[in-house]
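Here is the structure we will look at, set down as structure tokens.
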Amino acid sequence: MASSACVTDLARTAACRDGSAAAHLKVVSIFVIFVTSVAGMSLPVLLAGIFRGKPLYDKAIVVIKCFAAGVILSTSLVHVLPDAYAALADCQVASRHPWKDFPFAGLVTLVGALLALLVDLAASSHVEHAQYAPVVAQEKELELGGGCRGSGGDGERGEELVKLKQRLVSQVLEIGIIFHSVIIGVTMGMSQNVCTIQPLVAALAFHQIFEGMGLGGCVAQAGFSFGTTAYMCLMFAVTTPMGIILGMTLFSLTGYDDSNPNALILEGLLGSVSSGILIYMALVDLIAVDFFHNKLMNSTPRLKKISFIALTLGSAAMSILALWA
């Protein structure tokens with residue numbers, strides 16, 4: 001039964017194969033996806049710049065970040081993980097050892113989450129040590145001089161620590177999203193299936209807008225310099241188009257398309273790692289931090305309700321896109 005289903009799938013794919021039409025669609029998609037990626041990530045950053053210093057600025061940033069967390073969580077659970085599982089469960093892969101013997105998609109997702117935790121722990125430890133060393137030196141200096149230390153410095157150091165943590169979260173989050181974006185691009189670039197590519201172009205445009213808004217919301221709160229923000233925006237915008245170009249190059253050099261077993265295995269493993277990173281970042285560093293450790297949200301019940309609605313809307317918007325991409 002499995003082999004007959006596999007043959008049927010291959011026959012259906014062959015009917016949609018058109019190399020020249022697929023190449024034309026890919027070229028169009030490179031420009032469309034680049035523009036929508038820039039627009040999606042730039043929007044929350046620009047809004048943060050416009051409203052910075054205004055009375056509702058801090059609350060607006062929290063709500064945007066919660067919407068972003070919903071987008072990231074939905075991306076990992078509704079888009080990336082199912083695609084990774086489907087790639088490793090494909091009849092051409094699942095009929096082989098060891099892929100048919102063990103649920104590798106779940107295992108590698110777990111590894112991705114643990115890697116994100118390890119990076120988080122190492123970076124947090126480094127940041128805390130970098131903050132702790134000057135404090136100790138200052139305390140010794142004050143003791144020798146007979147002075148007393150004010151509480152203002154502690155508050156400033158605490159704020160700086162939070163800001164450094166937010167920057168770390170944004171950078172690790174972008175790594176996970178870049179993994180995902182490259183996989184999407186390479187898969188599309190290797191595909192010669194017009195029936196698959198045609199609806200994907202429009203769907204991925206919306207996908208990149210929402211994902212860009214998710215990342216942009218976190219970057220806006222982290223308060224990076226203009227140069228760093230522009231660099232992160234550029235990296236996000238070019239990864240999917242570069243992935244498409246890489247996929248087209250791989251197809252021209254190897255003849256492998258997106259239905260090749262080796263390509264499916266690579267797609268499944270990279271997708272699983274990306275999913276684990278994004279799940280960890282969304283739940284631990286975005287949702288848990290804001291809903292349980294954010295003083296502004298905890299002191300304003302109405303803001304917490306609005307933030308939960310924003311989280312739900314972000315999750316719903318990204319989940320609906322799974323109908324097309």
Side-chain angles (χ1 to χ4, degrees), residues 36-52 54-81 162-163 165-174 176-178 180-181 203-224 229 232-233 236-237 274-275 277-325:
T36 53
S37 299
V38 171
M41 187 168 173
S42 299
L43 182 61
V45 175
L46 290 174
L47 287 174
I50 292 169
F51 292 103
R52 195 180 302 276
K54 302 288 175 64
L56 293 176
Y57 172 76
D58 291 333
K59 293 179 180 178
I61 283 291
V62 170
V63 172
I64 290 172
K65 190 180 172 189
C66 288
F67 180 87
V71 170
I72 301 303
L73 186 61
S74 176
T75 298
S76 59
L77 291 174
V78 183
H79 291 258
V80 187
L81 185 57
V162 169
K163 191 66 71 176
K165 175 66 175 177
Q166 289 169 347
R167 290 173 182 173
L168 168 69
V169 167
S170 299
Q171 289 165 337
V172 176
L173 190 62
E174 181 160 44
I177 290 174
I178 283 175
H180 171 48
S181 298
L204 282 178
F206 286 101
H207 179 280
Q208 292 300 101
I209 286 174
F210 283 119
E211 203 168 69
M213 287 174 67
L215 181 59
C218 298
V219 170
Q221 190 184 41
F224 287 104
T229 302
M232 292 180 75
C233 181
F236 170 71
S274 175
S275 177
I277 292 171
L278 294 177
I279 289 170
Y280 173 87
M281 299 305 294
L283 290 175
V284 177
D285 283 331
L286 298 179
I287 296 173
V289 166
D290 276 339
F291 280 91
F292 296 106
H293 305 292
N294 188 305
K295 291 180 181 179
L296 179 62
M297 188 184 289
N298 289 330
S299 64
T300 316
R302 187 165 176 266
L303 177 61
K304 184 171 282 190
K305 292 174 185 176
I306 294 171
S307 297
F308 183 80
I309 292 170
L311 175 69
T312 306
L313 288 174
S315 301
M318 201 65 181
S319 296
I320 290 169
L321 280 178
L323 292 170
W324 302 280

- [ ] Using a 4.5 Å cut-off on heavy atoms from C-beta on, say whether the side chain of V63 contacts that of L303.
- [x]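 With C-beta onward as the side chain, the pair touches.
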
Task: Side-chain heavy-atom pair F67, V71 within 4.5 angstrom cut-off - done: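 F67 vs V71: side chains touch.
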
Shortest non-hydrogen contact from [X] toward [Y]:
X: C66; Y: D290; answer: SG-OD2, 4.3 Å
X: S315; Y: S319; answer: O-OG, 2.7 Å
X: S275; Y: S76; answer: OG-O, 3.3 Å
X: V45; Y: G216; answer: CG2-O, 3.7 Å
X: T229; Y: F224; answer: OG1-CB, 3.4 Å
X: G217; Y: P44; answer: N-CG, 3.6 Å

Could you measure the distance from the [atom1] atom of [X] to the [atom2] atom of [Y]? Nearest 0.5 Å is fine.
X: S170; Y: M281; atom1: OG; atom2: CE; value: 8.0 Å
X: I72; Y: L311; atom1: CD1; atom2: CG; value: 11.5 Å
X: L73; Y: M318; atom1: CG; atom2: CE; value: 11.5 Å
X: L81; Y: T75; atom1: CG; atom2: OG1; value: 12.0 Å
X: I209; Y: L321; atom1: CD1; atom2: CG; value: 9.5 Å
X: S74; Y: L313; atom1: OG; atom2: CG; value: 12.0 Å

Task: Passing option when M297 is tested against K59, R302, K305, K304 for side chain to side chain contact (heavy atoms under 4.5 Å, CB included) - done: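 It is K304; the other options fail the test.
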
Task: Criterion side chain to side chain contact (heavy atoms under 4.5 Å, CB included) on Q208 and S181, from CA distance to verdict - done: CA-CA 9 Å; Q208 292 300 101; S181 298; 4.2 Å; yes

Task: Atom CZ of F308 with >12 non-hydrogen neighbours under 6.0 angstrom - done: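 Not buried by this count: 12 neighbours or fewer within 6.0 Å.
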
